[in-house]
Amino acid sequence: MNTYAYIEKQDQEVFDALQGEESREASGLELIPSENYVSKAVREANGSVLTNKYAEGYPGRRYYGGQDYTDAVEQLAIDRACKLFNCKYANVQPHSGAPANVAMYFALMEPGDTVLGMDLSHGGHLTHGHPTTSINKVFNFVRYKMKDVATGEIDYDELRQVALEHKPKIILAGFSAYSRELEYQKFVDIAREVGAYAVADMAHIAGLIAGGVAKNPFDYGFDVITSTTHKTLRGPRGGLILVREDKEIAQKINKAVFPGLQGGPHMNTIAAKAVAFGEALHPSFREYGKQILKNAKAMEKVFLDANVRLLGGGTDNHLLLADVYGSLGVTGQEAEDVLDEIGITLNKNMIADETRTAMDPSGIRFGTPALTTRGMKEDEATRIAEIMISVLKDKGNQQLKEGYKAEIEALCAAFPVPESFV
Ligand code: DSN
């Protein structure tokens with residue numbers, strides 16, 4: 001628990017909000033698959049004096065003086081990122097995943113060029129060219145989908161046909177609501193055939209790749225990987241762009257991030273990234289990755305045993321997407337609300353071929369990174385999934401919900417959010 005002594009003295013309103021969030025995170029169960037708990041060391045770096053410093057440029061080539069320590073932390077973050085993901089170049093300055101993707105697009109394309117990415121409704125991400133985004137006005141986005149929603153298999157024939165027809169400059173592999181491994185070799189083969197860059201957005205699974213429990217797109221010849229650092233990777237809220245080996249691409253990426261898109265890098269966050277990458281290089285992180293998957297499999301079993309349809313038929317990673325409306329007659333919004341009542345936080349989510357709306361879709365998305373950080377294992381994951389199903393089947397039963405709320409609170413008390421992982 002943080003004390004926030006200075007905030008308490010000078011700003012009661014912010015103090016109250018911080019205390020409230022501390023207690024929410026401690027006493028509730030976080031199942032949003034893109035969220036996690038960082039170590040105290042990461043938070044110390046994030047809250048450090050480096051927030052005071054302007055450092056436009058890159059280590060050894062800055063526009064302002066006084067860069068001895070900013071250079072040191074940024075170089076540490078770069079070196080550790082390259083070691084973690086087995087590549088030659090890293091840009092650790094993107095403020096988050098969306099700017100990382102925007103910078104990557106501008107580095108590798110000219111306005112009007114085409115990107116081939118996964119359809120949002122089949123698991124892709126807003127920044128992969130959703131019509132509501134600004135980049136959609138600059139670049140042309142075409143899409144691929146799953147061939148079979150029951151297995152999650154991507155339609156690689158369609159992907160190749162669309163690539164041959166539209167000649168994209170970038171073929172993008174990556175997702176924010178998809179639970180299966182991608183066949184990276186097929187992406188690379190098609191990219192080479194049409195002369196496109198193969199780019200992966202590994203934001204969701206970065207920690208699984210770092211932990212050696214998911215495939216690394218670079219092992220298949222991907223040119224560039226973008227990511228966030230705060231999901232399974234368990235670092236501060238931030239972005240990352242990696243380049244496998246091409247120096248010219250790395251130079252273009254650096255220029256596109258600064259001065260192309262951003263000004264002064266957030267050096268406090270970069271220091272926190274360096275700390276988090278150091279933690280991910282520790283052998284314990286591999287155990288963490290393995291347990292995330294085991295816990296997700298445990299939850300998968302409960303949902304499948306209860307005949308709840310899982311998109312993709314199940315999971316190979318940290319997340320599950322359940323069609324609660326089709327299977328239990330409960331909408332995604334209702335499910336989110338009723339689970340929130342008992343202390344379980346997750347998010348409503350559209351499912352492939354959605355018939356409802358984005359604000360009240362058919363699905364829920366949930367995952368195991370945060371509960372695994374708390375030290376929970378298969379027994380706890382199984383019990384949580386059982387509670388979820390039971391509440392969703394009987395959502396008006398107040399007494400049942402009160403009992404489960406107490407059980408979730410007791411579970412969280414038994415597995416406090418850890419302060420350190422190494
Ligand atoms: N909002 C993130 C997620 O939850 O997947 C992606 O940007």
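We're numbering straight along the sequence, starting at 1.
The cationic atom of R234 (NZ for Lys, CZ for Arg) lies less than 6.0 Å from the six-membered ring centre of F421 and within 45° of the ring axis.
Side-chain contact between V102 and F106: present, with at least one pair of heavy atoms (C-beta onward) separated by less than 4.5 Å. No side-chain heavy atom of D223 sits under 4.5 Å from any side-chain heavy atom of E245. In this structure, the side chains of V224 and L108 come closer than 4.5 Å at one or more pairs of heavy atoms. Annotation: side chain of E334 is in contact with side chain of K395 (closest heavy-atom distance under 4.5 Å). Considering only heavy atoms from C-beta on, L339 comes within 4.5 Å of L346 through its side chain. Counting heavy atoms from C-beta outward, E30 and N36 have side chains that stay 4.5 Å or more apart. When side chains are defined from C-beta on, M118 does not count as touching H125, because their heavy atoms never get closer than 4.5 Å. Using a 4.5 Å heavy-atom cutoff, the side chains of I209 and K215 are not in contact.
Inspection of the Q161 and D157 side chains reveals no N or O donor paired with an N or O acceptor under 3.5 Å. No side-chain donor-acceptor contact under 3.5 Å links K137 and S134. Checked by atom type, the side-chain pair Y288/T373 shows a donor-acceptor distance below 3.5 Å. Inspection of the Y89 and Q251 side chains reveals no N or O donor paired with an N or O acceptor under 3.5 Å. Looking only at atom types and distance, the side chain of D71 has no donor-acceptor partner in the side chain of Q75 under 3.5 Å away. There is no side-chain donor-acceptor pair under 3.5 Å between N268 and S48. A donor-acceptor contact closer than 3.5 angstrom links the side chains of T70 and Q67.
Using a 4.0 Å cut-off between charged nitrogen and carboxylate oxygen, D316 and R180 count as a salt-bridge pair. In summary, D360 and K348 do not engage in a salt bridge, as defined by a charged side-chain N under 4.0 Å from a carboxylate O. Ion pair R160/E193 flagged as a salt bridge, since at least one NZ, NE, NH1 or NH2 atom sits closer than 4.0 Å to an Asp/Glu carboxylate oxygen. Salt bridge present: R309 and D323 bring a charged side-chain N and a carboxylate O closer than 4.0 Å. Between K405 and E409 there is a salt bridge, with a side-chain nitrogen of the basic residue lying less than 4.0 Å from a carboxylate oxygen of the acidic one. At a threshold of 4.0 Å, the pair R383-E380 does not count as salt-bridged, since none of the basic side-chain nitrogens sits closer than that to a carboxylate oxygen.
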Should T51 and M267 be marked as a side-chain contact (heavy atoms from CB on, under 4.5 Å) after you check the CA-CA gap, both sets of side-chain angles, and the distance that decides it? CA-CA 6 Å; T51 196; M267 294 311 306; over 6 Å; no
The test is side-chain contact (heavy atoms from CB on, under 4.5 Å); show your working for F366 and M388 and say whether it passes. CA-CA 11 Å; F366 55 99; M388 289 168 71; 4.0 Å; yes
With side-chain contact (heavy atoms from CB on, under 4.5 Å) as the criterion, how do N216 and N86 come out once you've worked through the C-alpha distance, each side chain's angles and the decisive distance to 0.1 Å? CA-CA 9 Å; N216 184 342; N86 193 22; 4.3 Å; yes
Walk me through it: do E74 and R62 pass the test salt bridge (charged side-chain N to carboxylate O under 4.0 Å, His left out)? CA-CA 12 Å; E74 185 163 350; R62 306 280 189 189; 2.8 Å; yes
Please determine whether side chain to side chain donor-acceptor pair (under 3.5 Å) holds for the pair D201 and H128, giving the CA-CA distance in whole Å, both sets of side-chain angles, and the decisive distance to 0.1 Å. CA-CA 9 Å; D201 177 344; H128 301 172; 2.8 Å; yes
Should N295 and T368 be marked as a side chain to side chain donor-acceptor pair (under 3.5 Å) after you check the CA-CA gap, both sets of side-chain angles, and the distance that decides it? CA-CA 6 Å; N295 288 349; T368 54; 5.5 Å; no
Residue pair E279, S39: steps toward the side chain to side chain donor-acceptor pair (under 3.5 Å) verdict: CA-CA 9 Å; E279 290 174 356; S39 69; 2.5 Å; yes
Working for side-chain contact (heavy atoms from CB on, under 4.5 Å), residues Y197 and I249: CA-CA 10 Å; Y197 293 108; I249 296 178; 3.7 Å; yes
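Between the OH atom in Y325 and the CD atom in E354 there is a gap of 10.0 Å [rounded to 0.5 Å]. Expressed to the nearest 0.5 Å, how far OG1 of T114 lies from CD1 of I171 amounts to 11.0 Å. With values rounded to the nearest 0.5 angstrom, L392 atom CG is found 11.5 Å from I387 atom CD1. In this structure, NE2 on H122 lies 10.0 Å from CE on M350, to the nearest 0.5 angstrom. The NZ atom of K231 sits 3.0 Å away from atom OG1 of T228, with the distance rounded to the nearest 0.5 Å. Note: K169 NZ to N140 CG = 11.5 Å, rounded to the nearest 0.5 Å.
Under a 3.5 Å cut-off, the side chain of K273 and the backbone N or O of G239 do form a donor-acceptor pair. Between the side chain of S121 and the backbone N or O of D353, no donor-acceptor pair lies under 3.5 Å. A donor-acceptor pair under 3.5 Å links the side-chain atoms of T315 to the main chain of L319, judged by distance alone. Within the 3.5 Å criterion, the main-chain N or O of A26 finds a donor-acceptor partner in the side chain of R374. Formation of a donor-acceptor pair under 3.5 Å by the T232 side chain with backbone atoms of G207 is found in this model. Between the side chain of T133 and the backbone N or O of G129, no donor-acceptor pair lies under 3.5 Å. Of the possible donor and acceptor atoms, none in the side chain of N91 sits under 3.5 Å from a partner among the backbone N and O of I241. Side-chain atoms of H204 come within 3.5 Å of backbone atoms of S176 as a donor-acceptor pair (strictly under, hydrogens ignored). A distance-only check finds a donor-acceptor pair linking the side chain of Q262 to the backbone of Q93 [under 3.5 Å]. At distances below 3.5 Å, not a single donor-acceptor pair connects side-chain atoms of R365 with backbone N or O atoms of N349.
The shortest non-hydrogen separation linking L310 to A322 is CD2-CB, 3.8 Å. The minimum heavy-atom distance linking A335 with I364 is given by the pair CB-CG2, 3.6 Å.
Classified by interplanar angle (parallel below 30°, tilted 30° to 60°, perpendicular above 60°), the ring pair Y220/Y184 is tilted. Between Y105 and F141, the ring-plane angle classifies as perpendicular under the 30° and 60° cut-offs.
For an aromatic pair to be called close, the ring centres must be under 6.0 Å apart, and F187 with Y144 satisfies this.
Dense packing is recorded around NZ of K167, with more than 12 heavy atoms of other residues, nucleotides or ligands lying under 6.0 Å away. Remark: Y63 OH is loosely packed, at most 12 non-hydrogen atoms of other residues, nucleotides or ligands lying under 6.0 Å away.
Under the side chain to side chain donor-acceptor pair (under 3.5 Å) rule, D189 has a single partner from R192, K186, Q185, which is Q185.
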